[in-house]
**Q** 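What follows is a structure written as structure tokens; I'll ask about it next.
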Amino acid sequence: MWVQFARNTFFLVYLAALDRVPKDYFDPTAGTASIAIARFRATKHPKKGTVFLNPGGPGSSGTRLATQAFANLIGEDWELLGWDPRGINRTSPQVQCFDSQIDFNLFVANTVLEHGFTVAFTSNLSDPVIEAQLVEQSREYLVLQKTQAELCAKNMGNELRYMGTATVVRDLDIMAKIFDGEDGKINYWGTSYGSVLGAYLVNM
Ligand SMILES: *[C@@H]1O[C@H](CO)[C@@H](O)[C@H](O)[C@H]1NC(C)=O
Ligand SMILES: *[C@@H]1O[C@H](CO)[C@@H](O)[C@H](O)[C@H]1NC(C)=O
């Protein structure tokens with residue numbers, strides 16, 4: 001079930017791919033997905049188990065979280081496991097909405113996606129000029145997001161149906177069974193959208 005593609009024993013971290021995960025947990029005929037993981041080994045014994053890490057986004061790569069900095073935060077007696085959620089980075093299938101990086105750069109160039117919102121939480125929204133800016137930037141943002149979603153659907157087709165928070169929770173469950181055993185508890189750390197994923201995990 002494993003394909004290992006890099007190892008750095010000095011840094012105690014290894015990258016691997018969890019192969020042959022069901023693309024769709026309810027349809028075995030859909031084929032398989034491959035989940036990229038990075039594992040930072042526990043250095044203190046006895047080990048307590050694995051903590052799974054998600055950086056949010058949604059859309060951020062989790063493999064880069066399996067580091068000494070997190071071991072300092074969580075404890076060196078835990079194995080740390082960061083993974084790339086569905087669609088992201090080295091996990092496959094990968095979401096590819098644009099034909100190339102250049103196409104993406106052109107799409108965002110000089111828009112609110114590149115500059116961000118100029119109206120801050122602290123701005124005076126009673127000021128009609130500021131209010132108009134917020135309305136204009138929000139409209140631009142929504143139109144660009146909608147267009148991007150349409151491009152994703154056009155370029156990804158049916159593959160998009162295998163992405164999503166509930167599927168990521170099922171991947172998490174499979175990984176926990178592999179690393180901590182069938183009846184092990186799932187230990188999880190997430191931030192931003194990662195806390196939404198955590199809420200799904202608890203509910204499911
Ligand atoms: C993809 O994962 C690798 C390995 O963790 C990391 O070095 C790289 O920064 C990630 N790429 C993105 C776009 O997050
Ligand atoms: C906010 O804008 C309104 C309308 O221009 C103005 O009357 C008000 O004094 C402003 N408030 C602050 C704190 O600047």
Side-chain angles (χ1 to χ4, degrees), residues 2-19 21 33-42 50-74 78-109 113-114 116-138 145 148 151-152 155-156 159-160 162-165 167-168 171-172 175 178-179 188-197:
W2 292 97
V3 181
Q4 188 166 299
F5 46 74
R7 177 195 272 276
N8 189 333
T9 42
F10 181 74
F11 289 113
L12 296 163
V13 64
Y14 71 81
L15 288 165
L18 184 54
D19 255 351
V21 170
S34 161
I35 314 284
I37 65 158
R39 201 165 177 230
F40 192 89
R41 305 309 306 265
T50 306
V51 178
F52 294 87
L53 310 169
N54 181 280
S60 299
S61 163
T63 44
R64 64 187 169 78
L65 295 185
T67 56
Q68 182 65 51
F70 270 90
N72 296 343
L73 187 70
I74 292 172
W78 292 95
E79 305 268 22
L80 303 181
L81 194 143
W83 81 103
D84 290 337
R86 294 280 172 144
I88 294 160
N89 203 8
R90 288 170 148 170
T91 283
S92 68
Q94 202 186 42
V95 170
Q96 202 77 54
C97 299
F98 294 87
D99 290 335
S100 68
Q101 184 66 40
I102 293 172
D103 283 359
F104 175 73
N105 294 348
L106 287 172
F107 183 78
V108 301
L113 297 182
E114 188 172 69
F117 284 87
T118 59
V119 179
F121 288 116
T122 48
S123 301
N124 181 1
L125 290 177
S126 307
D127 183 329
V129 175
I130 291 177
E131 192 197 1
Q133 275 173 7
L134 180 61
V135 168
E136 188 193 316
Q137 287 170 15
S138 302
Q145 291 289 353
Q148 181 167 347
L151 281 171
C152 294
N155 284 344
M156 295 284 302
E159 292 290 286
L160 267 189
Y162 310 119
M163 317 295 155
T165 306
T167 309
V168 175
D171 292 341
L172 188 49
M175 291 191 287
I178 290 170
F179 288 106
Y188 173 75
W189 183 98
T191 187
S192 188
Y193 158 81
S195 58
V196 175
L197 179 60

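Heavy-atom basis, side chains included; hydrogens, waters and symmetry copies ignored. Nothing fancy with the numbering, it's 1 onward along the sequence. Each ligand, and each atom within it, is numbered from 1 in the order the structure gives. Fair warning: this is a prediction, and the values are worked out from it, not measured in the lab.
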**Q** Atom CD of residue position Gln145 - does it have more than 12 heavy atoms of other residues, nucleotides or ligands inside 6.0 Å?
**A**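 Yes, the 6.0 Å shell around CD holds more than 12 heavy atoms from other groups.
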**Q** Of all the heavy-atom pairs spanning Ser123 and Ile130, show the shortest one and how long it is.
**A**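 Here Ser123 and Ile130 meet closest at CB-CG2, 3.9 Å.
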**Q** Mark up the atoms of ligand 2 that fall under 4.0 Å of a heavy atom belonging to Asp127, in ascending order.
**A**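 Selected atoms, number and element: 2 (O), 4 (C), 5 (O).
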**Q** Could you walk me through whether Leu18 and Asp171 pass side-chain contact (heavy atoms from CB on, under 4.5 Å), step by step?
**A** CA-CA 10 Å; Leu18 184 54; Asp171 292 341; over 6 Å; no
**Q** Quick one: closest heavy-atom pair of Met163 and Pro93, and the distance?
**A**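 So the two residues come closest at CE-O, 3.8 Å.
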**Q** If the condition is ring pair (Phe, Tyr, Trp, His ring centres under 6.0 Å), which residues does Phe98 pass it with, not counting sequence neighbours?
**A**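 For Phe98 the ring pair (Phe, Tyr, Trp, His ring centres under 6.0 Å) partners, ignoring immediate neighbours, are Phe104, Phe107.
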**Q** Test your reading of the structure: does Asn124 have an N or O sitting under 3.5 Å from an N or O of ligand 2?
**A**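 Indeed, backbone or side chain, Asn124 has an N or O that close.
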**Q** To check you understand the geometry: which heavy-atom pair defines the closest contact between Asn54 and Pro85, and what is its length?
**A**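 Here Asn54 and Pro85 meet closest at ND2-CG, 3.6 Å.
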**Q** If we count only N and O atoms by modelled type, under 3.5 Å, do the side chains of Tyr193 and Ser60 hold a donor and an acceptor together?
**A**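 Short answer, no.
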**Q** Quick one: ligand 1 N/O to protein N/O pairs below 3.5 Å?
**A**
residue: ligand 1; atom: 2 (O); partner: Thr63; partner atom: OG1; Å: 3.3
residue: ligand 1; atom: 2 (O); partner: Asn89; partner atom: ND2; Å: 2.3
residue: ligand 1; atom: 5 (O); partner: Thr63; partner atom: OG1; Å: 2.7
residue: ligand 1; atom: 11 (N); partner: Asn89; partner atom: OD1; Å: 3.3
residue: ligand 1; atom: 11 (N); partner: Asn89; partner atom: ND2; Å: 3.0

